[in-house]
Amino acid sequence: MFVIEHLEPKLFKWCLFEYSHISSFVGRKNLLFTNIKSSVLKKFGRVEQKSVKQFRFDKACILDPEAKQTLTPDIAKKFNYFIFGGILGDDPPKERTKTELTKFLPYPAFNLGRAQMSTDTAVIVTKMIVDGKKLSDIKFQQGVCIPIAKGEEVHLPYKYLLVKGKPLLAPGIAGMLKKQKTF
Ligand SMILES: C[S@@+](CC[C@H](N)C(=O)[O-])C[C@H]1O[C@@H](n2cnc3c(N)ncnc32)[C@H](O)[C@@H]1O
């Protein structure tokens with residue numbers, strides 16, 4: 001089960017694109033959103049208004065870029081619940097996963113390398129590790145440039161999965177950035 005503790009002040013469009021992307025990879029039955037009241041999200045997974053801090057899960061761990069130990073397929077086998085921060089990227093990283101999640105939960109935390117990934121990328125990479133792939137065998141690209149108008153582009157300074165040589169971005173994000181007028 002993949003648990004996303006929503007930690008943004010609202011359900012931004014950007015979050016919605018990432019959450020929809022996660023659901024398409026792991027399946028709605030394997031996805032739980034906590035700390036959010038939203039009927040929109042119900043089509044992507046189970047939704048609980050309660051925070052993940054109010055649940056007690058058997059065999060749970062947290063995915064946190066600041067954790068000391070890296071998740072491996074052997075470690076992943078020991079867990080049933082994988083908890084993520086529903087947090088949008090920030091540069092430089094504010095370590096919100098550590099201060100808003102890990103600090104309050106009685107579960108071990110693991111990293112997927114130290115570079116920051118989007119929540120959807122982190123879930124997909126965790127699913128690949130759960131399915132037996134080693135982090136070192138997964139191909140990534142650091143940073144993505146999205147052309148938004150002639151001579152203009154937006155740089156997203158995060159680590160993206162490479163699929164058939166192309167960085168995997170949640171569907172909808174590039175289009176949203178192209179339409180966005182101010183940054
Ligand atoms: C965009 S990241 C949030 C990073 C944020 N800047 C912070 O300070 O924690 C969203 C979520 O994806 C997961 N994540 C992203 N990169 C990760 C990494 N390298 N290792 C483990 N988890 C990661 C974490 O669960 C994190 O809360």
Side-chain angles (χ1 to χ4, degrees), residues 1-23 25-26 30-36 41 44-45 51-53 55 57 60-73 75-76 78-131 133-144 146 154-162 167-170 172-173 176-177:
M1 178 66 83
F2 298 87
V3 182
I4 314 292
E5 169 87 344
H6 184 74
L7 287 167
E8 293 299 343
K10 51 183 239 195
L11 185 59
F12 296 110
K13 240 185 186 177
W14 193 306
C15 305
L16 209 52
F17 288 135
E18 290 195 6
Y19 294 169
S20 160
H21 197 209
I22 292 170
S23 184
F25 262 86
V26 304
N30 300 315
L31 188 54
L32 168 63
F33 297 99
T34 54
N35 202 35
I36 182 152
L41 282 183
F44 302 135
S51 162
V52 73
K53 295 162 197 155
F55 289 85
F57 296 121
C61 66
I62 309 157
L63 280 301
D64 181 344
E66 297 304 313
K68 298 230 159 30
Q69 206 179 349
T70 301
L71 188 73
T72 64
I75 296 173
K78 297 179 188 149
F79 297 98
N80 294 331
Y81 294 85
F82 296 86
I83 303 170
F84 300 80
I87 300 171
L88 293 175
D90 36 39
D91 187 32
K94 291 194 189 120
E95 301 185 5
R96 288 180 58 198
T97 314
K98 183 166 100 180
T99 56
E100 297 179 34
L101 208 53
T102 307
K103 199 174 143 190
F104 298 103
L105 294 176
Y107 312 120
F110 300 98
N111 70 55
L112 303 165
R114 300 309 292 269
Q116 188 182 181
M117 300 173 192
S118 56
T119 308
D120 58 323
T121 305
V123 174
I124 296 165
V125 169
T126 301
K127 166 95 171 65
M128 291 168 83
I129 296 174
V130 168
D131 291 342
K133 199 136 182 142
K134 282 195 222 148
L135 186 67
S136 54
D137 292 337
I138 302 175
K139 292 203 168 37
F140 292 100
Q141 173 176 312
Q142 184 57 49
V144 165
I146 299 174
V154 173
H155 180 243
L156 302 176
Y158 312 115
K159 192 170 161 184
Y160 290 94
L161 250 179
L162 278 176
L168 182 70
L169 214 68
I173 288 186
M176 176 185 68
L177 289 172

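Whatever order the structure lists ligands and atoms in, that order sets their numbers, starting from 1. Note that the numbering runs from 1 along the sequence shown for the chain.
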For ligand 1, is there an N or O atom under 3.5 Å from any N or O atom of Asp90?
yes

I want to know if ligand 1 touches Leu112 in the polar sense, i.e. an N/O pair below 3.5 angstrom.
yes

Nearest-neighbour protein heavy atom for [atom], which is reported as residue plus atom name and distance:
{"atom": "atom 26 (C) of ligand 1", "answer": "Thr97 OG1, 3.3 Å"}
{"atom": "atom 13 (C) of ligand 1", "answer": "Ala122 CB, 3.5 Å"}
{"atom": "atom 5 (C) of ligand 1", "answer": "Gln116 OE1, 3.6 Å"}
{"atom": "atom 15 (C) of ligand 1", "answer": "Met117 O, 3.1 Å"}
{"atom": "atom 19 (N) of ligand 1", "answer": "Ala115 O, 2.7 Å"}
{"atom": "atom 11 (C) of ligand 1", "answer": "Gly85 O, 3.3 Å"}
{"atom": "atom 25 (O) of ligand 1", "answer": "Leu63 O, 2.7 Å"}

Applying a heavy-atom cut-off of 4.0 Å, say which part of Asp64 lies close to ligand 1: side chain, backbone, both or neither.
backbone

Have a look at ligand 1 and work out which part of Ala67, if any, has a heavy atom under 4.0 Å from it: side chain, backbone, both or neither.
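Neither part.
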
Result block: side-chain N/O donor-acceptor pairs under 3.5 angstrom for residues 78-88, not counting sequence neighbours:
none

Pair listing, side-chain hydrogen bond (donor to acceptor under 3.5 Å, both in side chains) test, anchored in residues 99-109, at least two apart
Asp64-Thr102, Arg96-Glu100

Number the atoms of ligand 1 from 1 as they appear, then name those within less than 4.0 Å of a heavy atom of Gly89, with their elements.
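Taking each heavy atom of Gly89 in turn, ligand 1 has 1 (C) under 4.0 Å.
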
